[in-house]
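Here's the structure we're looking at; comments come further down.
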Amino acid sequence: MTQARPERIELTGRTRRALPERPAGSLRIRHADVVDPDGETTTPDRRIVIEAGGIVAVEPDGSEPVAAGELDASGCFAVPGLIDCHVHLTAASADEWALTGMSPSFVALDAAAEARRMLARGFTTVRDMGGADWGLALAVESGLLEGPRVLFCGHALSATGGHGDLRPRGRSRIDPPELTPGIGLVTDGEDALRGAVRNEFRRGASHIKLMVSGGVSSPADAIDTLQYSDDEIRAAVNEAARVGAYVAAHAYTATAIERAVRLGVRSIEHGNLLDEAAAEAMATQGAHLVPTLVTYAVLEEEGPASGLPPTSVAKVAAVRERGEESLAVAARAEVPMAYGSDLLGGMRLHQSEEFRIRARTQTSWEVLRGATTNAARLLGHPGVLGVVAPGAVADLILTDANPGHDVTVLADPDRSVSAVIAGGRMLVDRASRPPVQTSTLPGRAE
């Protein structure tokens with residue numbers, strides 16, 4: 001007799017921190033076919049009523065003419081606004097060490113431009129995993145910047161010599177992180193880590209990111225190294241729990257993943273070398289997996305031209321080959337998965353290609369849930385983000401094809417996404433705006 005799996009521990013309730021607001025609008029969307037990723041259904045001819053930035057009704061539409069000021073969505077599918085759970089908005093270069101020496105004003109302007117492009121691709125919420133701060137989130141919240149809602153960790157916390165320690169081997173000095181743009185913050189020891197976690201929350205972070213294994217872009221660590229002690233990881237998890245938040249961990253190997261979730265980490269980033277035992281541990285603990293497969297495909301083709309150092313290029317193959325296999329392993333264990341891209345510099349234009357890559361292993365509905373309802377659960381806002389339903393914020397996109405039937409249409413948003421509505425305001429309308437920067441990777445089928 002098969003032993004029943006322990007009840008999954010949900011993030012909801014423990015992570016329901018305040019959701020950043022954005023300027024709100026009111027709108028009536030007429031004759032839309034509403035897509036429900038969880039139910040795997042599409043309900044035709046709905047009227048979506050939006051007031052003060054929220055959805056107040058999704059109801060059968062009538063035969064009365066579309067009035068002035070209403071949006072006629074006939075022939076379009078209303079899809080929840082997309083959520084990317086692993087971006088680096090401030091990564092103006094793939095050379096993360098060079099990034100720390102760039103002008104902060106240049107990096108901020110580059111991030112603003114990339115935020116607009118992400119919004120135009122249909123992403124209405126992003127989780128920044130190192131680099132963004134309260135200022136960038138506030139720019140969207142206040143209406144200064146048209147971009148996706150930004151939930152951020154601030155600095156990704158790293159041990160000396162870990163994945164967030166970007167110093168070349170001959171460099172000893174660490175510049176003050178508050179004065180230089182960069183993704184990571186080097187901090188060692190349980191007490192210092194507690195202080196760093198508290199400071200990131202003081203600065204507005206919604207979650208904490210720890211580097212618990214080696215990585216591609218860091219110069220001093222192999223992929224399979226284990227980083228931070230058990231006590232240090234526990235300290236970060238406990239501090240996050242005090243404020244109703246959670247810890248995400250950069251981790252590639254099965255050993256690093258299993259250890260992280262055993263110590264209370266609730267979001268595993270990448271996870272390319274996941275095995276069955278680690279996947280089972282994730283499922284038991286209710287941890288989410290955020291694969292970022294597109295970044296390895298792009299790094300292999302464009303990394304050197306985008307500033308990725310040769311030592312990092314050599315590491316890409318070690319994790320790319322197992323990436324898609326990890327999706328199948330996680331799916332068999334019923335690990336919830338969320339959408340992530342993790343692209344840097346000029347490679348960020350490939351953000352939507354993750355849809356095409358995942359569709360080789362998952363069904364279209366499964367992939368779509370990763371960018372909507374599953375992502376919302378990870379962020380702690382189920383029913384508020386990731387759905388087109390009463391009580392949700394009015395973040396949605398209108399598409400010309402149903403992504404539940406073929407999610408690869410989202411890989412080319414310039415063709416498939418007709419409009420992007422965020423907070424009840426139409427921010428992208430392709431009928432009246434020029435095409436945005438999108439791309440299909442060379443050699444991939446249209």
Side-chain angles (χ1 to χ4, degrees), residues 82-88 91 94 118 121 123 126-127 129 163 213-217 223 248-254 256-257 267-275 278-279 282 287-303 306 308 312-313 315-333 335-345 347-372 374-375 378 403 406-413 438-445:
L82 304 176
I83 303 170
D84 190 332
C85 288
H86 195 124
V87 305
H88 293 284
M118 287 186 177
R121 296 178 195 124
F123 292 95
V126 297
R127 185 180 66 151
M129 297 305 287
H163 181 52
S213 83
V216 170
S217 60
I223 293 292
H250 161 103
Y252 280 114
T253 66
I257 293 166
S267 177
I268 296 295
E269 311 305 304
H270 318 303
N272 294 51
L273 306 180
L274 182 77
D275 66 11
M282 291 186 67
H288 283 64
L289 178 65
V290 185
T292 57
L293 302 181
V294 66
T295 193
Y296 312 106
V298 178
L299 283 171
E300 191 169 76
E301 296 177 4
E302 301 181 12
S306 295
L308 192 71
S312 296
V313 173
K315 295 181 182 181
V316 173
V319 294
R320 180 182 179 182
E321 293 178 358
R322 291 274 304 278
E324 289 188 45
E325 181 183 338
S326 72
L327 288 183
V329 171
R332 286 195 296 269
V335 175
M337 286 181 272
Y339 189 99
S341 57
D342 190 33
L343 293 161
L344 310 175
M347 295 180 286
R348 290 173 296 186
L349 66 90
H350 297 292
Q351 180 184 22
S352 300
E353 272 291 322
E354 181 80 5
F355 287 109
R356 199 187 311 275
I357 295 173
R358 291 200 189 191
R360 296 199 289 253
T361 303
Q362 297 180 283
T363 70
S364 287
W365 286 113
E366 288 169 342
V367 179
L368 186 60
R369 282 195 289 273
T372 54
N374 281 359
L378 170 56
D406 180 9
V407 79
T408 64
V409 300
L410 296 177
D412 191 356
T438 60
S439 177
T440 299
L441 291 179
R444 302 203 185 280

Find the distance between [atom1] ([X]) and [atom2] ([Y]) and round it off to the nearest 0.5 Å.
| X | Y | atom1 | atom2 | answer |
| --- | --- | --- | --- | --- |
| Asp84 | Met129 | CG | CE | 10.5 Å |
| Leu82 | Gln351 | CG | CD | 9.0 Å |
| Glu324 | Thr361 | CD | OG1 | 4.5 Å |
| Thr372 | Asn374 | OG1 | CG | 7.0 Å |
| Leu368 | Thr363 | CG | OG1 | 9.5 Å |
| Ser341 | Glu354 | OG | CD | 7.5 Å |

Quick one: side-chain contact (heavy atoms from CB on, under 4.5 Å) partners of Ala375, sequence neighbours excluded? Ile83, Cys85, Ala338

So do the side chains of [X] and [Y] get within less than 4.5 Å of each other, counting heavy atoms only?
| X | Y | answer |
| --- | --- | --- |
| Ile268 | Val290 | no |
| Asp275 | Val329 | no |
| Pro291 | His270 | no |
| Tyr252 | Ile223 | yes |
| Pro403 | Val409 | yes |

Counting only N and O atoms by type, is there a donor-acceptor contact under 3.5 Å from the side chain of Arg348 to the main-chain atoms of Gly345? yes

Check: Ser326/Asn272 side-chain N/O donor and acceptor closer than 3.5 Å: no

Are a donor atom and an acceptor atom from the side chains of His88 and Asp342 found within less than 3.5 Å of each other? yes

Where [X] and [Y] come nearest, the two heavy atoms and their spacing:
| X | Y | result |
| --- | --- | --- |
| Val407 | Ala359 | CG1-CB, 3.9 Å |
| Met337 | Ala331 | CE-N, 3.9 Å |
| Ala251 | Ile257 | CB-CG1, 3.9 Å |

Test of understanding: with side chain to side chain donor-acceptor pair (under 3.5 Å), list the residues that count as partners of Arg127, not counting sequence neighbours. Tyr246, Ser267, Glu269

Hey, mind stepping through Leu343 and His350 against side chain to side chain contact (heavy atoms under 4.5 Å, CB included) and telling me if it holds? CA-CA 8 Å; Leu343 293 161; His350 297 292; 4.0 Å; yes

What residues form a salt bridge (Lys or Arg N to Asp or Glu O under 4.0 Å) with Glu366, not counting sequence neighbours? none

Could you walk me through whether Arg121 and Leu349 pass the side chain to side chain contact (heavy atoms under 4.5 Å, CB included) test, one step at a time? CA-CA 9 Å; Arg121 296 178 195 124; Leu349 66 90; 3.9 Å; yes

Aromatic rings His250 and His163: how do their planes relate, parallel, tilted or perpendicular, breaks at 30° and 60°? parallel

According to the interplanar angle, ranging from 0 to 90°, do the rings of Tyr339 and Phe123 count as parallel (below 30°), tilted (30 to 60°) or perpendicular (above 60°)? tilted

Let's go through His288 and Val335 carefully: what are the C-alpha distance in whole Å and the side-chain angles of both, what is the deciding distance for side chain to side chain contact (heavy atoms under 4.5 Å, CB included) to 0.1 Å, and is it a yes or a no? CA-CA 6 Å; His288 283 64; Val335 175; over 6 Å; no

Before giving the answer on side chain to side chain contact (heavy atoms under 4.5 Å, CB included), spell out for Leu274 and Met282 the whole-Å C-alpha distance, their side-chain angles and the decisive distance to 0.1 Å. CA-CA 10 Å; Leu274 182 77; Met282 291 186 67; 3.9 Å; yes

